[in-house]
There are 2 protein chains.
Amino acid sequence: MPKPLPLLTSPPPERRDAARNREALMEAAEALIKQHGVRGVTMDALAAAAGVGKGTVFRRFGSREGLMAAVLDHSETEWQAAVMGGPAPLGPGAPPMERLLAFGESRMLLNFKHAELIEAAGYPGQRSLQALSFTTMHVRYLLGELGVEGDLAYLATALVAPLELIVLRQQADRDQISTTRIVAGWTDLVHRVVRPD
Amino acid sequence: MPKPLPLLTSPPPERRDAARNREALMEAAEALIKQHGVRGVTMDALAAAAGVGKGTVFRRFGSREGLMAAVLDHSETEWQAAVMGGPAPLGPGAPPMERLLAFGESRMLLNFKHAELIEAAGYPGQRSLQALSFTTMHVRYLLGELGVEGDLAYLATALVAPLELIVLRQQADRDQISTTRIVAGWTDLVHRVVRPD
DNA sequence: GATCGAAACGGACCATAGTCCGTTTTCATT
DNA sequence: AATGAAAACGGACTATGGTCCGTTTCGATC
């Protein structure tokens, strides 16, 4: 008798023990980070706190960076919800340009807020594509609403790039640019990109 | 008798043994990287290859990331020379817009070429400000030549940001954007930023 | 060229990320 | 409920980044 035919490469369901441990690990990780800071959390301590073996931690997250990336993704969920369905101007309801500018400022602040975590998550080989995609997808959508012409996928990444922590750090630390000036600069950039010929 | 008065906090000169070891370390590092790849180089192996103690390696570079940053800086010197004094259009002689576009493409290719090293150098807390500054300084200068008005320091960082490896990766790997399309996109971006109202 | 304080050295030592593999749990099948 | 294979588990083990501190080298001064 043939099985129910996994026609599409269906994602194999998660075993109950696996799910339980994953939840325990995420919870423990967030608690430990809140308590000791990102730096102060070791993988051994995490395993102990979650009541699992170390091997389990690494099978789940692959590496320390992977773990931090998972925590980061999880903590950005709330923000994503605010962007998708929260109050205007960040959420829907405001005109696209207002939303876009609110988005930029909000994203900048969020990246500063999560700085430790972002650095600990390392280069985004690990970081979930899901979360990384979200911001550019949203910007692309808003550019469309604004009637911008051209390679919107590229322009979206180009507008999001200056909001990445790595760039913000450069501006704030090296060039001594204040956050309000960063916001003003990004606003100007957006207008230059958006305005018709 | 008072000393020659170090009026300004003059950088203390480097002792001879220190200089010798630094040179040996850089040379050994480059050789080992060429031979085993960035990943395959351990700090112990480097110390051994350079014929110094491990402590010396860490006093010099602070960390593995610091070492990789130093190697990266060193390898970018050649490129910087090409930008400052090499043949047009990358070097001086061509009109500013041509130089700027040549710069963007060249920088993109360089970042791809040095990808391994850039990742190993980690977040640029370590990476020399010198090298990081160079690109934005140059772009800022070219924007000035082009008669662009506004916050040139900010605009320069904003134009350089999409050329960072972290962003290029996102475009190439996730969004499946080809390198030629990246170049075209950046060219378009530059024109939008530069063109007068 | 003898003296001395400061700077650099080196390698044993420690902390922690990541691996490995024998054991246990889960769950689909009977 | 019993069975068995696949998946997950756990913790001892390894590799390597990073620290520490007693020893050595340097070079300025006399």
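Because only heavy atoms are used, hydrogens play no part in the values below, and waters and symmetry mates are left out as well, while side chains stay in. All chains are named by letter (A, B, ...) in the order of the sequence lines, taking the proteins before the strands, and each is independently numbered beginning at 1.
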Trace of the side-chain contact (heavy atoms from CB on, under 4.5 Å) decision for R195(A) with H191(A): CA-CA 6 Å; R195(A) 81 176 164 225; H191(A) 280 110; 5.7 Å; no

Stepwise side-chain contact (heavy atoms from CB on, under 4.5 Å) check, Q170(B) with T136(A): CA-CA 10 Å; Q170(B) 211 179 127; T136(A) 56; 3.6 Å; yes

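Across all strands, R20(A) comes closer than 4.0 Å only to sugar-phosphate atoms, never to a base (heavy-atom distances).
Applying side chain to side chain contact (heavy atoms under 4.5 Å, CB included) to L46(B) and the options L67(B), I33(B), V52(B) leaves one that passes, L67(B). Paired with M97(B) under the rule side chain to side chain contact (heavy atoms under 4.5 Å, CB included), one option of T187(B), L142(B), V190(B) passes, and it is V190(B).
Using a 4.0 Å cut-off, some side-chain N or O of T56(B) falls inside it from OP1 or OP2 of dG10(C). For the pair N21(B) and dC9(C), the criterion of a side-chain N or O lying under 4.0 Å from OP1 or OP2 is met.
Ranked by how close their nearest DNA chain D nucleotide is to the 5' end, T42(B) and R16(B) are led by T42(B).
To the nearest angstrom, P of dA8(D) lies 14 Å from CG of L25(A). In this structure, E14(B) places its CD atom 13 Å from C1' of dC26(D), rounding to the nearest Å. We find that CZ of R22(B) is positioned 21 Å from P of dT25(D), with the value rounded to whole Å. The CZ atom of F61(B) sits 14 Å away from the P atom of dG10(C) (whole-angstrom rounding). dT16(C) atom C1' lies 15 Å from atom CG of L32(A), rounded to whole Å. If you take CZ of R39(A) and P of dA17(C), they are 13 Å apart, rounded to a whole angstrom.
If you chain together hydrophobic residues whose side chains sit under 4.5 Å apart, M84(B) and L163(B) fall into the same group. A continuous path of Ile, Leu, Val, Met, Phe, Trp and Tyr side chains, each step under 4.5 Å between heavy atoms, connects L109(A) with L100(A), placing both in one hydrophobic cluster.
Ion pairing between E14(A) and R22(A) holds under the 4.0 Å rule for side-chain N and carboxylate O.
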Each nucleotide N or O in nucleotides 4-7 of chain C that has a protein N or O under 3.5 Å away: list the pair and distance.
residue : atom : partner : partner atom : Å
dA7(C)  : N3   : R15(B)  : NH1          : 2.8

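Geometric assessment of R107(A) against the ring of W79(A) yields a positive cation-pi assignment under the 6.0 Å and 45° thresholds.
Counting only heavy atoms from C-beta on, A18(A) has its side chain closest to dC9(D) among dC27(C), dG27(D), dC9(D). Side-chain proximity of R60(B) to dC9(C), dC9(D), dG27(D): nearest is dC9(C).
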Per-nucleotide protein contact string for nucleotides 18-23 of chain C, where B marks a base within reach and S marks sugar-phosphate only (heavy atoms under 4.0 Å, - for neither): BB----

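At distances below 3.5 Å, not a single donor-acceptor pair connects side-chain atoms of R140(B) with backbone N or O atoms of L155(B).
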